[in-house]
Number of protein chains: 4
Amino acid sequence: MNRHSYFHIFLGGDELVKKDKPKYKQIVDAAVIVIAENGYHQAQVSKIAKQAGVADGTIYLYFKNKEDILISVFQEKMGMFVEKLEHILTQEVSASEKLRLMIESHFGLLSGDLHLAIVTQLELRQSNHEIRMKINGVLREYLLQMDKILVKGMEDGEFDKDMDIRLARQMVFGTMDETITTWVMNDHKYDLVDLAPKVHRLLMKGMRA
Amino acid sequence: MNRHSYFHIFLGGDELVKKDKPKYKQIVDAAVIVIAENGYHQAQVSKIAKQAGVADGTIYLYFKNKEDILISVFQEKMGMFVEKLEHILTQEVSASEKLRLMIESHFGLLSGDLHLAIVTQLELRQSNHEIRMKINGVLREYLLQMDKILVKGMEDGEFDKDMDIRLARQMVFGTMDETITTWVMNDHKYDLVDLAPKVHRLLMKGMRA
Amino acid sequence: MNRHSYFHIFLGGDELVKKDKPKYKQIVDAAVIVIAENGYHQAQVSKIAKQAGVADGTIYLYFKNKEDILISVFQEKMGMFVEKLEHILTQEVSASEKLRLMIESHFGLLSGDLHLAIVTQLELRQSNHEIRMKINGVLREYLLQMDKILVKGMEDGEFDKDMDIRLARQMVFGTMDETITTWVMNDHKYDLVDLAPKVHRLLMKGMRA
Amino acid sequence: MNRHSYFHIFLGGDELVKKDKPKYKQIVDAAVIVIAENGYHQAQVSKIAKQAGVADGTIYLYFKNKEDILISVFQEKMGMFVEKLEHILTQEVSASEKLRLMIESHFGLLSGDLHLAIVTQLELRQSNHEIRMKINGVLREYLLQMDKILVKGMEDGEFDKDMDIRLARQMVFGTMDETITTWVMNDHKYDLVDLAPKVHRLLMKGMRA
DNA sequence: AATGAATGAGTATTCATTCAT
DNA sequence: GATGAATGAATACTCATTCAT
C-alpha cells in the first residue's frame, strides 16, 4: 500500500494529495506575493498564475475557485503559527513565559515575511463576508491554543483567577493585532520583535494575579 | 468662531456648505443603513440613493465619488466619538476615571446604534487600502485625544511612567476594538456596556504605576 | 391617469413599459440579425449591442440576461405568427381554406424575413434545454390555434372524424417545419410560398374525410 | 469485396482500421450515454472518456476532435437505420407496405434505445451549424433510400403520380420526426410503435393515387 | 438643483486539445 | 498504444459615473 492510498483512507485523499504536490505551494506562495504587492482587489487569478509560473487553468486543478485560494493561503500560513504555538505549549515553563514566547514567535513569523504580514493584517480583511467567516474558523484554532496558556496561568495562580477569560483573550489578541497592524502601516520602520518584551510586560501587568 | 468655521478655512467652503444641507446627512445616514443591512460589497450607490430617497445623480452633487461617501460616513459618525471624548477630557477627574468614562462612552455609542457598529467594526474594514488609510487619518484625531489621558495619567503618577505610550495606546484601543468586534460578531447577544468596567479594570492593571 | 399607469394595473407594467420603448425592439431586431449572420454560438452580447447601436450595459436595462434576449426574440416574432393565425380563424371560410391560409401566411412571414427564418429554423435550436423549453412554451400557443382549425374541420365533416388530432397536428407542423428548414438549408434557392398550395394539397389528402 | 473495403479506398485506411477496434465503439457508445444523461452542452470529452473507461488523451487516438465523435455517433447509429431500410427495399411487397415497414422499423429502433432517441431527437440538434450540416450529409443516404420507396410507389401507380417528390419526402420524414420528438419530450409515456399504423394511414392518404 | 437613462471597463472560469512520459 | 497534467482562449454581466433634460 503506497503512501497515497494510506492517506486516502484517513484524510479524504484528493485534497491532501494535491496539497503535497509542488504546484500547490507554488500557487499559495504566489498568491501571497501578488496580494501583498497589488492589493486584495487587484490580485486577479491570472496575475497569481503568472507569478506562480503556471497557466490560468492550472490554478483550477488545485483550487476549486478564487475563494479557495485565499482561504488556503490563510490556512497554510496560519498552520505555521499554530505549530509554533503547540510547541511552546509543550515546554516546561511558566504561563507568563509561554505568553512571552508566543508573542515573540507571532511577531517573529510576521517580521520574517513582510508579504505575509501585509496580507494577513491589511489585505485579507478586505475579503467578503463569506471568506472572512472561513478565515475566522481557521483563526479559532489558534485562539483556542492561546486560551490554554491563559487557563493554565489562572490555575497556577500566575494570572488573576477572577479574570474574564474572553476579555483577557481579546486584550492579548487585540493588543498584538493592533501592534502588528500599526507596524505594517508604518512600513516596518522599526523592529517588531523588539516590541515583544514590552507588549508582554504590559499584558502581564494586566493579567497578573 | 465655532469649530466649523475654523475648519472652513482649511477644508474649502463647498464641502462645508454641502454638509449643512439636509440631503447630505440624509445620504450619509442612508449609507450606514444600506451598508449595515446589505454588506459593504452589496452597498451600491443606487441602493444608497434609493434609501436616501434621491436620484442616483443627486449623490454626486454632494459627494465627489463613492469613496467620498464612505469616508464621510466615518468622519460624521466619528465626530460624535471625538466630541464625547473632548467633553470627558474637560472633566475634573483622575486619568483612570477618564479612561473608564471613555470606554463606557465608546461602548455606549455603538450599543445605541447597531447599524453603525456593524459598519465600523465589520463592513468598512472591507474597503480598499486607500479608503482605509483615509479612515485611519480620521481615527488619528480620536487616538490623539486618547493619548492625552495616557500622558496625563503618567504625569500624575497614576500610570506607569516607563510605559511606551504607543504600545499602551495600542493595548487600550486594540482591546476595546477586539471586544466590540467580538460583540458584533456574536449578534449583540450580551450587553456591551456591562463589559466596560471589566475592560477598564483589565487595562488599568496593565498600565498602573 | 396616464397610459403607463393604466397598463401597470393590468399587465404588470414594468415589463410592458420596457417593451414599448424603442430600444427594446431595436435590441431584439439586432439579435435576429447577429444570430442569423454569426450563428447562435457566435452571437455575443457585445455583438448584439454593437448592432443595436447601444452600449453593452444598456442591454441589461431591457433584458434580465442573454437568455432573456433569446426568448424575447422568439416571443416577439412568434407574436406575428399568432396574430395572423388568429385573424385567419375569424374568417368565414372552410377549414381547408383556413389551413391553406395558415400555410401561406407561415411561409410568407418567413420568406419575407430571411434572417428570422435562419434564426428560428436553425440557430435557436442550438440553444440549451432551458431556453428550448421556454421557446416551446411560446410555440404551444401557436399550435393550440392550429388545433382549432383541425377540430373545426373534423366537426364540419371536412376532415376525417377518426383522425388522431395529435398525429394530425404533428403531420401538419412537421411537414411545414421540414419544408421550411430544407428551404433555408438550400439557401432560399426557390420560392417557399410557391410550395404552399402543394403542401396544402398533400396535407389535405391525408386528412380529408 | 465487402462494403467496408469498398469505402476503404475512398475514405482512407486509418479511419477504417480504427473503427474496427473495440475502443472505437466503446467511445461511441459512451458518448451516446453521456449526451443522453447530461445533455449536449454538458457532454465534455473528459466525461465521455470516463464513461468509456479510457483516458482523455486516448479519445484523440480514435477521433480527430470532439466534433468527429458526435458525427461518428450519428454515422454509426444511422448505419442501423440504413441497413434495416435497405433490407426492407429488397422485399417483394407493395410500396405502401414498404412505407409501413419503414415507419415501424424507424420507430422500433428508437423505442428500443431511449438514450439514442434522446440524443438524435433533442441533444444532437443543439450542435453547431457545421456539425449539423455533416449530420445532414449522413442523413441524406437514408432519405435517398426512402425516396426509392416513393418513386417505386409512383411508378407502380400506388402513389399520386403528380406528387412533388421532395415535398412528399418532407411530409413523410417531417411527420415521423415530429411524432418521435413529441414522444421523447413526453418522456416515452406511451408506446411509439403503436402509433406506426396510424402514421402510415395518415401519410398514405396524403400520397395515395 | 434634481433626475435617471445610458455608458463601458474589467475578470473568474471552463474545457477541448496537446505531448512528455 | 495509453495516459492525464497542463494549457490558454474566450465572454456575460455589474455598477460607478456622466450629462442632457
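Since we're looking at a predicted model, the values are computed, not measured. Side chains are part of it too, since the values below use all heavy atoms of this structure and drop only hydrogens, waters and symmetry mates.
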(message) Using a 4.0 Å heavy-atom cut-off, does Tyr62(D) contact any base of the nucleic acid, only the sugar-phosphate backbone, or nothing at all?
(response) sugar-phosphate
(message) I'd like to know if the side chain of Lys23(C) pairs up with that of Gln26(C) as donor and acceptor (distance under 3.5 Å, no hydrogens or angles considered).
(response) no
(message) Of the listed nucleotides (dT17(E), dG4(E), dG8(F)), which one gets closest to any side-chain atom of Asn65(D)?
(response) dT17(E)
(request) Take the protein atom CG of Asn128(A) and the nucleotide atom P of dT11(E), then report the distance between them rounded to whole Å. (result) 16 Å
(request) Please tell me which of Ser46(B) and Lys66(C) maps to the more 5' nucleotide of DNA chain F, matching each residue to the nucleotide holding its nearest heavy atom. (result) Lys66(C)
(request) State which of dA12(F), dG4(E), dT7(E) makes the closest approach to the side chain of Tyr60(C). (result) dA12(F)
(request) Rounded to the nearest angstrom, tell me the gap between atom CG in Leu61(B) and atom P in dA1(E). (result) 6 Å
(message) Without decimals, in angstroms, what is the distance between Gln42(A) CD and dA12(E) C1'?
(response) 14 Å
(message) I want to check something: taking the side chain as every heavy atom from C-beta on, are Val32(D) and Lys77(D) in contact at a cut-off of under 4.5 Å?
(response) yes
(request) Kindly compute the distance separating CG (Leu124(A)) from CG (Leu70(A)), expressed to the nearest 0.5 Å. (result) 6.0 Å
(message) Expressed as a whole number of angstroms, how long is the span from Asp56(A):CG to dC15(E):P?
(response) 16 Å
(request) Using heavy atoms to find the nearest nucleotide of DNA chain E for Lys64(A) and Val54(B) separately, return the residue whose nucleotide is more 5′. (result) Val54(B)
(message) Of the options dG1(F), dT7(F), dA5(E), whose atoms approach the side-chain atoms of Lys21(D) most closely?
(response) dG1(F)
(request) Provide, to the nearest angstrom, the distance between the CD atom belonging to Gln26(C) and the P atom belonging to dA5(E). (result) 16 Å
(message) For dT21(E), give the paired nucleotide (Watson-Crick: N1-N3 plus N6-O4 or O6-N4; G-U: N1-O2 and O6-N3; both under 3.5 Å), or none.
(response) dA2(F)
(request) Could you tell me the separation between the NZ atom of Lys50(C) and the C1' atom of dT7(E), rounded to a whole number of Å? (result) 15 Å
(message) With nearest nucleotide decided by heavy atoms, which residue, Thr58(B) or Ala43(D), maps closer to the 5′ end of DNA chain E?
(response) Thr58(B)
(message) Distance alone, cut at 3.5 Å: any donor-acceptor contact between the side chains of Glu123(B) and His41(B)?
(response) no
(message) Heavy atoms only, 4.0 Å cut-off, all strands: where does Val45(C) land among base, sugar-phosphate and nothing?
(response) sugar-phosphate
(request) Considering just the side-chain nitrogens and oxygens of Lys23(B), establish if one lies under 4.0 Å of OP1 or OP2 belonging to dA2(E). (result) yes
(message) Using whole Å, what does the distance between atom C1' of nucleotide dA16(F) and atom CD of Gln44(B) come to?
(response) 10 Å
(message) Return the pairing partner of dC15(E) with a 3.5 Å limit on both distances, Watson-Crick or G-U wobble; otherwise return none.
(response) dG8(F)
(request) State the CG-CE distance between Leu116(D) and Met78(D), to the nearest 0.5 angstrom. (result) 9.5 Å
(message) Rounding to an integer number of Å, can you tell me how far His41(A) NE2 sits from dA16(F) P?
(response) 13 Å
